[in-house]
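Computed from heavy atoms alone, side chains included, the values below leave out hydrogens, waters and symmetry copies. Here the structure is a predicted model, which means the values were calculated and not measured.
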Amino acid sequence: MKIYKTNEIKNIALLGSKGSGKTTLAESMIYECGVIKRRGTIAAGNTVSDYFPVEKEYGYSVFSTVFNAEFNGKKLNIIDCPGADDFVGNAYTALGVCDMGLILVDAQYGVEVGTQNIFRTTANLKKPIIFGINQMDSEKADYDNVLEQLRETFGPRVVQIQYPLESGPDFHSMIDVLLMKKYEWGPDGGVPTISDIPSDQLEKAQELNQILVEAAAENDESLMDKFFEEGSLTEDEMREGIRKGLVDRSIYPVVVLSAAKDMGVRRLMEFLGNVCPFVSDMPAPVTTTGVEVKPDANGPLSVFFFKTSVEPHIGEVSYFKVMSGTLKAGADLENATRGGKERLAQIFTVCGQIRTPIDELQAGDIGASVKLKDVRTGNTLDGKGCDYQFDFIKYPASKYIRAIRPVTESDAEKLSAILTRMHEEDPTWVIEQSKELKQTLVKGQGEFHLRTLKWRIENNDKLPIVFEEMRIPYRETITKAARADYRHKKQSGGSGQFGEVHLIVEPYTEGMPEPDGYKFGSQEFKLKVRDKQEIPLEWGGKLVVYDCTVGGSIDARFIPAIVKGLMDRMEQGPLTGSYARDVRVMIYDGKMHPVDSNEISFRLAGRNAFSEAFRNANPKILEPIYDVEVLTPGDTMGDVMSDLQGRRAIIMGMESENGIEKLNAKVPLKEMSSYSTSLSSITGGRSSFSMKFASYELVPGDVQEKLLKEYAESQTEE
C-alpha cells in the first residue's frame, strides 16, 4: 500500500447533530474512492461505520469510526463521530487528533442545539471548520433558510462555495462559485456532469464569487494587494487564501450535498483535498512539558494513542496518531505514560472494520495496531532517545450518574474489570468507587449513554447488572453552640476502661475569633486555649479542635485519641450518617483513672460526647447544589423552565445566544437524577445541558425531616 508523506495527509473530524447524515456521507465517500463496491445503509445495518452490535441494535452511532480515503493523490483520514449529545466524548477525541471539522447541517432542520455545541467545541480547540448542508433532497429541505440561520448564528464568516438550483426532492444540480461551474447529477448520483453556468444564474454566481474572492484575499497580504490591483484571483490563489482563512477561523465555507444520493460527495472530497489545511499547516501540538512538536517525518518517533476498542473476533484494537517521526511495523517503543516497552508488530490503516497492513506511517498519519501488551487510551509511545508525552484531549464533565452492581454479588470483581475496560474504550464513561456512598458509580453524558453501557455488559460480556439511584452525598453541620459530656466506664475483670470528656461545639467559619467563653443557661464557661488543631477534611470544610483543659484533668497523651473519636463522627454524622463539616470543638474538662484510662476509652468518650453535643446544636443537613446551563429552542423554553422549577431550581438568568435560548439555574443534585431523560422528552431531543458543582446549601425543613426519617428506618432495619 502507498506510503503517504506528511504533506499529503489531511485529518478531518466528521461532525453534526444526530440524524444529519454523517454515517451515510462516510459510506458515500469511501464508495467514491473505490474502497467499497456497494454503499450500505443504516436501515440495512451494513454500513462501514456503524458495525458494532450495539449500534445495529439501536440504529444509531455509538462510537467514532476511523476511515481513510485517497482522492486525487491526497490521503484523507476521517473520523465519523456520533451525533447524539450522549456520545459527545467522541467529538472531543476526534478534534484532538484531527486538524479540522466538517460539520453537517440537516437541510430540513437547520442549525440545531447540537450544531451550536459542536461549533463551540471547535472554537475552544481553535479548529477550522466547513459547513456541509446535507440531505438537500429531503421533502422539507430549505437551503435559503438554513443559510440564513448559519449567518445569523455564526456571523459573516459564513461564505458560500456552492448553492443549489433547487431544494427538496428535485435537488440534482448546484452552482460552484469557486470553480464557476454547474454540477448536475442523474438519479443515481455519482460522477456529475460539469458545464458552464446558465445565463440566468451567471449574475448571482459572479456576485457570490466576488464575495468569496474578497474573503480569500483578506487572509493574505500579497493576495489582498493583487486583488486591489486586478480585482480577481486565480483559482489556486483563492484556494490558498481559503486555506489560510480556515486555519485562523476567519472563514467558514459552506457546501451542499445529498449523501444518500451521492450528489456533491465527489466535489466535497475534491474540495477537502485541494483546499483544507494539511497537518503541517496547523499549530504544532505541545507536550506536557510545553515542547512544540512539529509533524516532521525525520524527527524523533512519538506516537499518541487516542482510542481503544474491543471489536468482534479481533479483540483490542488501539488507534494512534504519529505525532513525529516515521513509524515502521515491528518498532520497539517506550511507553512514556506507563513505563515499559511495547512492540508494534503490525500496523494498519483503517477503514471502519477493514484493516489493511502497512509497512510504515509518517508523521501526521493515523493508524491502528492490535493486541498490544499494556497500552491505554491517552498513552504516548516514544522511540529511542525521545521523551515526548501528550495529554491534549479534555473531556466534558459527566451529566448522568447511576450506581451499578452485578445481580450476583460474587461477580463484583468481574464487573470491576469490565468497567475498567469500558472506560478505556470511552473515557466519558467515568467509574468511581465511592467510599462515602458505599456504591460503585458510573457517570456518563446521558441516559442513552449509560443504557448503551448496560446493553454491552449484558449482551457482550453476559453479566446481568442493575442500575440504581445514586445516594446523594449530603453533609451535616451545626448552627449554634452546644455542650455535652460523656463518661465511658467499663469493668470486665482486671483493668477496665475509663474516660470522661466535656466539650463544647459550635459552627466554624473562616476568620472567626479564638474561643474565650460561653454561657449555657445559668452556667458560664471561661476557656483558655492550650493547643489548637485545624483538620482540613477530604470532603470539604474543616474540623477545628481546641485543647482547653486545665489542671491535668485529661493527660495530653489522650487528646489525639479524643480527636480520633471526633473524626469517627465527622466521617459518619449523627443525623444521617453523611460526612459532617465546619465544626469547632473545645475540649474543656474531663476525668481520668490512674489504672483504667487508655486511648480507646477516651476515643469512645469523645465520640459519644460529640454526638450528643452535635444533636443539641440545631444540626442541619446540607445538599450539593449545581450550576445548570440549558440550551434550548425558544418554543420549548416555557416547558423547560416549568420542569426546572418543579425540581426546586432557582432560575438565575435567561438570554438568547445565536437564536438559541440559554437558561441558567441552581438545582439540587437530588433533583437532577433523571433530568437528561426528562429534557430530551420535553424538547424532542433538541436541547442540551451542562452542570457543575456550585456549593453546599441547607436543605428545606420538610426535606430534612424526610431524610431523618429514612435514615432512622434504615438503621432500625440493620
Engineer: Treating Lys75 as the side-chain partner and Tyr4 as the backbone partner, does any N or O pair qualify as donor plus acceptor under 3.5 Å?
Structural biologist: no

Engineer: Are Glu270 and Arg266 ion-paired here, with the side-chain N under 4.0 Å from a carboxylate O?
Structural biologist: no

Engineer: Could you state the interatomic distance from CD1 (Ile393) to OG1 (Thr93), rounded to the nearest 0.5 Å?
Structural biologist: 5.0 Å

Engineer: Is a donor on one side and an acceptor on the other found under 3.5 Å between the side chain of His423 and the backbone of Trp429?
Structural biologist: yes

Engineer: Are the side chain of Gln135 and the backbone of Gly19 linked by a donor-acceptor contact shorter than 3.5 Å?
Structural biologist: yes

Engineer: Do you know which two heavy atoms are closest between Ser416 and Gln433, and how far apart they sit?
Structural biologist: OG-NE2, 4.4 Å

Engineer: Are a donor atom and an acceptor atom from the side chains of Ser302 and Ser324 found within less than 3.5 Å of each other?
Structural biologist: no

Engineer: Considering only heavy atoms from C-beta outward, does the side chain of Ile79 approach that of Cys81 to under 4.5 Å?
Structural biologist: yes

Engineer: Minimum heavy-atom separation for Arg239 and Val275, please, with both atom names.
Structural biologist: CG-CG2, 3.6 Å

Engineer: Looking only at side chains, do Thr122 and Arg249 share a donor and an acceptor under 3.5 Å apart?
Structural biologist: yes

Engineer: Run Ile194 and Leu179 through side chain to side chain contact (heavy atoms under 4.5 Å, CB included) and show every step you take.
Structural biologist: CA-CA 10 Å; Ile194 304 173; Leu179 301 182; over 6 Å; no

Engineer: Taking CG in Asp359 as the centre, count heavy atoms belonging to other residues, nucleotides or ligands within less than 6.0 Å. Is the count above 12?
Structural biologist: no

Engineer: If I take atom CD1 from residue Ile103 and atom CG from residue Asn134, how far apart are they, to the nearest 0.5 angstrom?
Structural biologist: 13.5 Å

Engineer: Should Ser195 and Lys182 count as side-chain neighbours, where that means a heavy-atom distance under 4.5 Å?
Structural biologist: yes

Engineer: How close do Leu344 and Ser369 get, counting heavy atoms only, and between which atoms?
Structural biologist: CG-OG, 4.1 Å

Engineer: Quick check for you: to the nearest 0.5 Å, what is the distance between Asp262 atom CG and Met29 atom CE?
Structural biologist: 11.0 Å

Engineer: For Arg376 and Thr308, which I'm curious about, is there any donor-acceptor pair between the side chains at under 3.5 Å?
Structural biologist: no

Engineer: Are the side chains of Asp461 and Arg456 in touch, meaning some heavy atoms are under 4.5 Å apart?
Structural biologist: no

Engineer: Rounded to the nearest 0.5 Å, how far apart are CD1 of Ile358 and CD1 of Ile3?
Structural biologist: 4.0 Å

Engineer: Say whether, by atom type as modelled, one donor and one acceptor occur between the side chain of Thr6 and the main chain of Ala363 under 3.5 angstrom.
Structural biologist: yes

Engineer: Drop me the distance from Asn11's CG to Asp99's CG, to the nearest 0.5 angstrom.
Structural biologist: 5.0 Å

Engineer: In the structure I gave you, are the side-chain heavy atoms of Leu327 and Leu333 within less than 4.5 Å of one another anywhere?
Structural biologist: yes

Engineer: When you measure from the side chain of Arg39 to the backbone of Ala260, do you find a donor-acceptor pair of N or O atoms at a distance under 3.5 Å?
Structural biologist: yes

Engineer: Does Tyr163 reach the side chain of Leu147, with side-chain heavy atoms less than 4.5 Å apart?
Structural biologist: no

Engineer: Kindly determine whether Arg421 and Glu424 satisfy salt bridge (Lys or Arg N to Asp or Glu O under 4.0 Å), including the steps that lead there.
Structural biologist: CA-CA 5 Å; Arg421 189 195 74 218; Glu424 291 295 330; over 6 Å; no

Engineer: Quick check, are the ring centers of Phe154 and Phe119 under 6.0 angstrom apart?
Structural biologist: yes

Engineer: Would Thr380 and Thr287 satisfy side chain to side chain contact (heavy atoms under 4.5 Å, CB included), going step by step from the backbone distance to the final call?
Structural biologist: CA-CA 10 Å; Thr380 306; Thr287 68; over 6 Å; no

Engineer: Taking all non-hydrogen atoms of both residues, which atom of Ser17 and which atom of Lys22 are closest, and how far apart?
Structural biologist: O-NZ, 3.3 Å

Engineer: Apply salt bridge (Lys or Arg N to Asp or Glu O under 4.0 Å) to Lys181 and Asp196, showing your working.
Structural biologist: CA-CA 5 Å; Lys181 292 291 180 181; Asp196 292 334; 2.9 Å; yes

Engineer: Could you tell me the separation between the NZ atom of Lys127 and the CD1 atom of Ile118, rounded to the nearest 0.5 Å?
Structural biologist: 15.5 Å

Engineer: Minimum heavy-atom separation for Gly367 and Val350, please, with both atom names.
Structural biologist: C-CG2, 4.4 Å

Engineer: Considering only heavy atoms from C-beta outward, does the side chain of Ile161 approach that of Ile130 to under 4.5 Å?
Structural biologist: no

Engineer: Do Ser688 and Asp85 have a side chain donor and acceptor closer than 3.5 Å?
Structural biologist: no

Engineer: Would you kindly say whether Asp86 and Gln445 are connected by a side-chain donor-acceptor distance under 3.5 Å?
Structural biologist: no

Engineer: Please check: side-chain N/O of Asn379 versus main-chain N/O of Thr337, any donor-acceptor pairing under 3.5 Å?
Structural biologist: no

Engineer: Quick check: closest heavy atoms across Ala91 and Leu15, and the distance to 0.1 Å?
Structural biologist: CB-CD2, 3.9 Å

Engineer: Are side-chain heavy atoms of Met136 and Met263 found at a separation under 4.5 Å?
Structural biologist: no

Engineer: Between Lys341 and Glu334, does any NZ, NE, NH1 or NH2 come within less than 4.0 Å of an OD or OE carboxylate oxygen?
Structural biologist: yes

Engineer: Apply the test side chain to side chain contact (heavy atoms under 4.5 Å, CB included) to residues Asp281 and Lys10: give CA-CA distance (whole Å), side-chain angles for both, the deciding distance (0.1 Å), then the verdict.
Structural biologist: CA-CA 10 Å; Asp281 292 327; Lys10 302 195 177 190; over 6 Å; no

Engineer: So, Asn209 side chain and Val177 main chain: donor-acceptor pair closer than 3.5 Å or not?
Structural biologist: yes

Engineer: Would you please name every residue forming a salt bridge (charged side-chain N to carboxylate O under 4.0 Å, His left out) with Arg157, sequence neighbours left out?
Structural biologist: none

Engineer: With under 30° as parallel and over 60° as perpendicular, where do the rings of Tyr319 and Phe306 fit, or are they tilted in between?
Structural biologist: tilted

Engineer: Tyr388 and Met323: side chain to side chain contact (heavy atoms under 4.5 Å, CB included), yes or no, with the steps?
Structural biologist: CA-CA 10 Å; Tyr388 295 155; Met323 306 301 291; over 6 Å; no

Engineer: Around atom CZ of Phe71, are there more than 12 heavy atoms of other residues, nucleotides or ligands at under 6.0 Å?
Structural biologist: yes

Engineer: Do Phe390 and Val293 make a side-chain contact, defined as non-hydrogen atoms from C-beta onward lying under 4.5 Å apart?
Structural biologist: yes

Engineer: Show your working on salt bridge (Lys or Arg N to Asp or Glu O under 4.0 Å) between Lys74 and Glu8 and close with a plain yes or no.
Structural biologist: CA-CA 5 Å; Lys74 308 292 193 305; Glu8 297 173 324; over 6 Å; no

